[in-house]
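So the structure is just underneath, and the comments pick up after that.
These figures come from a predicted structure and were not determined experimentally. What's counted below: heavy atoms across the whole structure, side chains too, no hydrogens, waters or symmetry copies. When a residue number appears, it is its place in the shown sequence, counting from 1.
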Amino acid sequence: MNEHSVALEESWREALAHEFSSPYMHQLKAFLVAQKQAGKHIFPKGSEYFRALDLTPLAEVKVVILGQDPYHGLGQAHGLCFSVRPGVRIPPSLVNIYKEMQTDLGIPPARHGFLEHWARQGVLLLNSVLTVEEAQAASHQGKGWERFTDAVIRKVNDECDAVVFILWGSYAQRKAAFVDTSRHLVLKAPHPSPLSAHNGFFGCGHFSKANTFLQAHGRAPIDWQLPAGPHNN
């Protein structure tokens, strides 16, 4: 896998050129090719592996929300963490995210789970692992994606100013432990999963805290309210 074979937003392709030329990425590509040749169904589709980066150029990143793995159900994953395609049932964690957003900002829950509106404003919705086999949760962990997304986070940390890192759950908090808190705001809470949301996710106020920080640093706040009718474009 090299940067010339990947259709990727230009600023990220340039920033990550070293990663694409590294042996681990060639091994990762070989793994994915072999999986497909074996008849495995991989989510999301290939053109959406880097969707989070395509929608949120490096210089435009204001907020980073870290997830872990793509959804592994048919038709769910499309390259943004926590987000699902229009018409797909809203996953439980996202239901809880909407509940917290209503408490925090008074925004009524959206009737869909399509989060591209956030991504287009500078919210990098990044999973740690960017692919998964259908119905096999966490099946592509340890294949190289984690190293690649570590590099993405490091680029944001080093090259952007006044970014809010929203880290829900211990996995995300470990992954972004190196972020420079003297330049960026790091917000931590339990994961919004139904298993842990009542342990401190509800009431965390991360959406308003993010906007307060952005405005204090001369950056436009995020409009967290999603459009009523999403369009899959």
Side-chain angles (χ1 to χ4, degrees), residues 1 6-9 12 16 19 25 28-29 31-56 61 63-98 109-153 166-169 171-172 175-176 191-195 197 226-227 229-233:
M1 190 182 297
V6 175
L8 180 61
E9 189 277 327
W12 282 115
L16 298 168
E19 304 305 316
M25 283 298 276
L28 174 58
K29 182 181 182 182
F31 165 75
L32 293 170
V33 169
Q35 291 287 293
K36 291 179 180 179
Q37 289 175 341
K40 305 285 182 67
H41 294 142
I42 306 301
F43 299 144
K45 62 185 180 182
S47 62
E48 293 178 333
Y49 289 177
F50 304 107
R51 186 68 170 159
L53 303 178
D54 286 335
L55 291 178
T56 313
V61 175
V63 177
V64 177
I65 297 179
L66 288 183
Q68 192 162 351
D69 291 271
Y71 297 120
H72 55 83
L74 181 65
Q76 290 182 300
H78 66 104
L80 305 181
C81 72
F82 293 107
S83 181
V84 291
R85 296 183 180 282
V88 175
R89 187 177 68 88
I90 302 172
S93 291
L94 187 53
V95 168
N96 285 338
I97 290 169
Y98 287 171
R111 301 182 69 171
H112 61 83
F114 192 60
L115 304 181
E116 282 200 359
H117 177 66
W118 294 357
R120 293 179 187 279
Q121 297 178 75
V123 181
L124 182 62
L125 295 165
L126 184 69
N127 275 318
S128 176
V129 177
L130 300 188
T131 57
V132 71
E133 181 184 341
E134 181 178 9
Q136 301 294 322
S139 50
H140 290 184
Q141 287 186 5
K143 304 298 183 183
W145 281 129
E146 293 93 339
R147 182 171 168 182
F148 177 79
T149 52
D150 282 351
V152 171
I153 298 166
I166 294 180
L167 309 178
W168 293 328
Y171 183 93
K175 187 172 179 67
H191 196 276
S193 158
L195 298 174
L226 295 165
H231 300 285
N232 193 3
N233 49 26

Check: [Y] and [X] side chains under 4.5 Å, non-hydrogen atoms:
X	Y	answer
M25	R147	no
H140	I42	yes
L66	W168	no
V64	I166	no
F82	L125	no
V63	L124	no
I65	C81	yes

> Under the salt bridge (Lys or Arg N to Asp or Glu O under 4.0 Å) test, which residues partner K175, sequence neighbours left out?
Replying inline: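 Scan of K175 (salt bridge (Lys or Arg N to Asp or Glu O under 4.0 Å), adjacent residues dropped) gives D150.
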>> Among residues at least two apart in sequence or on other chains, which ones pass salt bridge (Lys or Arg N to Asp or Glu O under 4.0 Å) with E133?
In response: K40
Indicate the atoms forming the closest heavy-atom contact of [X] with [Y], along with that distance.
X	Y	answer
L80	A119	CD1-CB, 4.2 Å
P70	A77	CB-CB, 4.0 Å
T149	S128	OG1-O, 2.7 Å
H112	P227	NE2-O, 2.7 Å

Identify, with sequence neighbours excluded, every residue that meets side chain to side chain contact (heavy atoms under 4.5 Å, CB included) alongside [X].
X	value
I90	L94, V95, Y98
Q141	Q68, D69, V129, A138, E146
Q76	Y71, V84, V88
S193	S93, H191, L195, S196

>> Test of understanding: with ring pair (Phe, Tyr, Trp, His ring centres under 6.0 Å), list the residues that count as partners of Y171, not counting sequence neighbours.
In response: none
> So L16 and L53, side-chain contact (heavy atoms from CB on, under 4.5 Å) or not? Walk me through it.
Replying inline: CA-CA 11 Å; L16 298 168; L53 303 178; 4.0 Å; yes
With rounding to the nearest 0.5 angstrom, report the [atom1] to [atom2] distance, [X] to [Y].
X	Y	atom1	atom2	value
R51	L8	CZ	CG	12.0 Å
L130	F50	CG	CZ	6.5 Å
L55	E48	CG	CD	9.5 Å
H117	S83	NE2	OG	12.5 Å
T131	K45	OG1	NZ	15.5 Å

side-chain hydrogen bond (donor to acceptor under 3.5 Å, both in side chains) partners for [X], two or more places apart:
X	value
Q35	none
E134	H41
T56	none
H72	none

> Could you go step by step and tell me if Y49 and F43 meet the ring pair (Phe, Tyr, Trp, His ring centres under 6.0 Å) rule?
Replying inline: CA-CA 8 Å; Y49 289 177; F43 299 144; over 10 Å; no
> Does A197 offer a backbone N or O that forms a donor-acceptor pair with the side chain of N96 under 3.5 Å?
Replying inline: no
